[in-house]
Chemist: 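Pasting a structure here, questions to come.
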Amino acid sequence: MGTQHPDSNKPLWGGRFTDSPSGRMQAFGASLPVDWRLWRQDIAGSKAHANMLAQQGVLTAADAEAICAGLELIAGRIEAGEFGFDVADEDIHMAIERALTAEIGEAGGRLHTGRSRNDQVACDTRLYAHERAADLMFKLFDCRLAILDVAIEALKDDVILPGYTHLQKAQPVLLTHHLLAWYWMLARDTIRMLAAHNAANASPLGAAALAGTSYPLDRQFTASALGFSEVIPNSLDAVSDRDYLLDLVYACATTMLHLSRICEELVLWSSDEFGFITLSDSFATGSSIMPQKKNPDFAELVRGKSGRVIGDLTALMVTLKGLPLAYNKDLQEDKEGAFDAIDTLALSLEAVQGMIATMQINADRMLAAAQGGYMAATDLADYLVGKGVAFREAHAIVGKLVGELEAQGRTLQQLTLEELQAASPAFAADALDAVDIANVVARRNTFGGTAHEQVARQLKQAMDTQNEHQEQLRLAYPQLAEYQARLRVIK
Ligand code: ARG
């Protein structure tokens, strides 16, 4: 195999050293176990750099060709799982460079001309962050589509459930209204993810260690070759800036926070006490001891994992906060948490998408819950106000009625006209309509309110937003066929 290293005990920077670091310190200093996954980006960056060096007359065309061919070969090996990673390789950049030199000889040793691992790692990480942010946007679209599908169905039957404040029944709302509140959270998250995607889109390559280099590099050449839309104007900033990772991890943490809130509701709703939904068997688990149990494990896990992703954001901020310019080894700690945040969000989005797409809606249970809790009390008071009673007095009359009903274990909907009129002569025959839960919903007809007309308008707005966002991404990524196939125009 061509990956045998010339002197695998000595690091690539071994020139000025007589001893190698101790084995334990080598392991302590290594980032290969984390950054190996940047290999595609590293190879792309090296090819762009070699081609640029040849164009600028720093390398011969033959050397650049040999380098690119060697890099292709190594890529093939890594892809096939046949690449021999070495303990002496501190990171993916050294692993690939060393394998290249072992493979093609002297020309391999010329690749790193005018380059440092400082601009190299920044370049690789930016490419990776840019790509993964796109991936996460597509996963967000999947999740948003699942919510819209349920929202559309629920509006056909005007499914009603209690709306809560303080987790106490407050006023009834349409299920579609509630689901769209979830939808808008994730729509905003997609915008945040897009901002992170764009923040990564600038090339640090050519900044070298920190100050630029004496070789006549063409930074625009490598930036264009790698698909970056611009070149970072300050070499110190180029190697030390990790804001693009903060942006990405922040977008991940905020999305996780939203998923966690959604999952908290899924957990509550699937409990026997609520019974609003039944999770499908494929998105729930059983108990090893209690045969009757069906647990919303995956919803709980998303809720739990959100804590770790918020931790990833905190960790990255703290890592960065005390660093002087320019590169410091602390920056090597940037990737583990960022990768964790990305991976965790990707899986969590799949879990939430799956739970929502396959859950059963128990509309009867929702409606029954909406009949309880005296949620029409405000409307009954408003009815009296409409008949000329002062609001404070109306509030007291209805409050007294609720107290009596509560003692009897009855609902507002079970009141008779006689009982109402005994409480206040201002109640007429149409007073019973005021407590009808569907009427309570229908009366909230302000923009953004829960009346059918408003929710239908809002649903249309959400569908338009979905189609517009998807179209933007479809145009930006014609090459991502696998993702394209998942997008669906919602009608
Ligand atoms: N593995 C390093 C990192 O991830 C690469 C850059 C190392 N540069 C250096 N001067 N030690 O940050």
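One-based numbering, in listed order, for ligands and for the atoms of each.
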Chemist: If we count only N and O atoms by modelled type, under 3.5 Å, do the side chains of Gln470 and Gln466 hold a donor and an acceptor together?
Modeler: yes
Chemist: Nearest to atom 6 (C) of ligand 1, what protein heavy atom do you find, and at what distance?
Modeler: Tyr327 OH, 3.4 Å
Chemist: If only side-chain N and O atoms count, and only distance matters, is there a donor-acceptor pair under 3.5 Å linking Glu265 with His178?
Modeler: yes
Chemist: How far is atom 2 (C) of ligand 1 from its nearest protein heavy atom, and which residue and atom is that?
Modeler: Gln332 OE1, 3.2 Å
Chemist: Measure the distance from atom 11 (N) of ligand 1 to every protein heavy atom, then report the residue, atom name and distance (to 0.1 Å) of the closest one.
Modeler: Arg117 NH2, 3.5 Å
Chemist: May I ask you to establish whether Arg126 and Phe228 are in a cation-pi arrangement, using a distance under 6.0 Å from NZ or CZ to the six-membered ring centre and at most 45° from the ring axis?
Modeler: no
Chemist: Can a donor-acceptor pair be found between the side chains of Tyr128 and Arg40 at a distance below 3.5 Å?
Modeler: no
Chemist: Which atom pair, heavy atoms only, marks the closest approach of Val231 to Ala223?
Modeler: CG2-CB, 3.7 Å
Chemist: Considering the options Thr255, Ile147, Leu259, Asp142, which one meets the side chain to side chain contact (heavy atoms under 4.5 Å, CB included) requirement together with Val352?
Modeler: Leu259
Chemist: Under 3.5 Å, N or O to N or O, is Glu90 touching ligand 1 that way?
Modeler: no
Chemist: If you count the atoms of ligand 1 from 1 in the order shown, which ones are under 4.0 Å from a heavy atom of Lys335?
Modeler: 3 (C), 4 (O), 12 (O)
Chemist: Under 3.5 Å between any N/O of Lys329 and any N/O of ligand 1: does that happen in this structure?
Modeler: no
Chemist: Could you identify the single nearest non-hydrogen protein atom to atom 8 (N) of ligand 1 and state the distance to 0.1 Å?
Modeler: Asn118 OD1, 2.9 Å
Chemist: Check whether the side chains of Gln454 and Thr450 place a donor and an acceptor atom closer than 3.5 Å, and report yes or no.
Modeler: no
Chemist: Any N or O of His93 that comes nearer than 3.5 Å to an N or O of ligand 1?
Modeler: no
Chemist: Any side-chain donor-acceptor pair under 3.5 Å between His258 and Arg188?
Modeler: no
Chemist: Pull out every atom of ligand 1 sitting under 4.0 Å from any heavy atom of Ser31, numbered as shown with elements.
Modeler: 1 (N)
Chemist: Using a 4.0 Å cut-off to any heavy atom of Asp91, which atoms of ligand 1 qualify?
Modeler: 1 (N), 2 (C), 5 (C)
Chemist: Have a look at ligand 1 and work out which part of Gln120, if any, has a heavy atom under 4.0 Å from it: side chain, backbone, both or neither.
Modeler: neither
